[in-house]
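Scroll down for the structure; my scribbles are underneath it.
Just so you know, these numbers use all the heavy atoms, side chains as well, and skip hydrogens, waters and symmetry mates.
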Amino acid sequence: MPDPVGGVLAYTLQLRRTLPVGAFRLTRPTPADDDADPSEADRPDDVRPQPRPPEPRPDRPEWASIAEWAVVFVLVGLSLIWAASDYAAAVGRGRAQQLASQLATSTAVVLRSERSLGIDAAGVRELRCRDTKSAYPYRYEGMVLVIQSADQYVLLPQSWTPDTGVALVIPRTDMVRLEFVPYAARGTLGRSTC
């Protein structure tokens, strides 16, 4: 993939070579113009200083210069967007790696459900309550809540890895209930029958 910054730099240098010298130089009044004697208007034409001849105009139309500058600004803008995108991707990867390294010590989630959800993920254990009158007879252990967005929960197994792990997206409804268990009390999870 070509380097966009290098391309913009090469194009800018080529543009600089094609523009005439002093094309964008502003002319400022000289001190001699400010101190002009008002009686100079009475001098004959042969004594007055002659104005400088105008600089030769480029051989191309004005719209071509405007178009070139517009292209430069578009390329610089796209380069900035590309750089921001690369930065955001790097920050996202870093945060994901940090989250994955902290899964084992994060607060655990116990998911209770009215029906079996059929979750078949490594490290997630499904328990069926013995009490038939329980409002949430199915219990799932071994997960961590990553994020709640809108009406959905995103859960990961505690043993999740980028190569083999799956993410679980559970809709937020009255049919499911989440319970959070701190890391220190995690040892009590496997002992419960419901």
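P171 approaches V176 most closely through the heavy-atom pair O-CG2, 3.6 Å. When all heavy atoms of A121 and V166 are compared, the closest pair comes out as CB-CG2, 3.7 Å. Here the closest heavy-atom approach between residue Q158 and residue A108 is recorded as NE2-CB, 3.2 Å. Contact detail for Y136 and D174: the closest heavy-atom pair is OH-O, 3.1 Å. Between W160 and L103, the shortest heavy-atom contact is CB-CD1, 3.7 Å.
In this structure, a donor-acceptor pair under 3.5 Å is absent between the side chains of Y138 and R112. Side chains of Y140 and E126: a donor-acceptor N/O pair is present below 3.5 angstrom, by distance only.
Using a 4.5 Å heavy-atom cutoff, the side chains of Q97 and R95 are not in contact. Looking only at side-chain heavy atoms (C-beta outward), R115 and M175 come within less than 4.5 Å of each other. Side chains of F73 and L75 form no contact here, defined as non-hydrogen atoms less than 4.5 Å apart. Side-chain contact between V110 and V181: present, with at least one pair of heavy atoms (C-beta onward) separated by less than 4.5 Å. Looking only at side-chain heavy atoms (C-beta outward), M143 and L168 come within less than 4.5 Å of each other. With contacts defined as side-chain heavy-atom distances shorter than 4.5 Å, the pair V154/L145 does not qualify. In this structure the side chain of V146 reaches within 4.5 angstrom of the side chain of L99, judged on heavy atoms.
Interatomic distance, S134 OG to R128 CZ, rounded to the nearest 0.5 Å: 9.5 Å. The CG atom of L111 sits 5.5 Å away from atom CD1 of I119, with the distance rounded to the nearest 0.5 Å. Summarising the geometry, atom CG belonging to L155 is positioned 6.5 Å from atom CG belonging to L178; distances are rounded to the nearest 0.5 Å. Distance OG1/T161 to CG/L156: 10.5 Å, rounded to 0.5 Å.
No donor-acceptor distance shorter than 3.5 angstrom exists from the side chain of T107 to the backbone of V144, with no hydrogens or angles considered. Without hydrogens or angle criteria, S101 side chain to Q98 main chain gives a donor-acceptor distance under 3.5 Å. In this structure a side-chain-to-backbone donor-acceptor pair under 3.5 Å is missing from S85 to I81.
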Given side chain to side chain contact (heavy atoms under 4.5 Å, CB included), test L127 with E141 step by step and report yes or no.
-> CA-CA 8 Å; L127 299 171; E141 297 177 352; 3.9 Å; yes
Candidate pair R172 and Q148, rule side chain to side chain contact (heavy atoms under 4.5 Å, CB included), full reasoning | CA-CA 9 Å; R172 183 177 181 182; Q148 177 207 343; 2.5 Å; yes
Would you sort out whether F180 and V109 count as a side chain to side chain contact (heavy atoms under 4.5 Å, CB included), showing the intermediate values?
-> CA-CA 5 Å; F180 299 97; V109 172; 3.7 Å; yes
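Within a 6.0 Å radius of CG in D120, other residues, nucleotides and ligands contribute 12 heavy atoms or fewer.
Using a 4.5 Å cut-off between side-chain heavy atoms of Ile, Leu, Val, Met, Phe, Trp and Tyr, V91 falls into a hydrophobic cluster with Y87.
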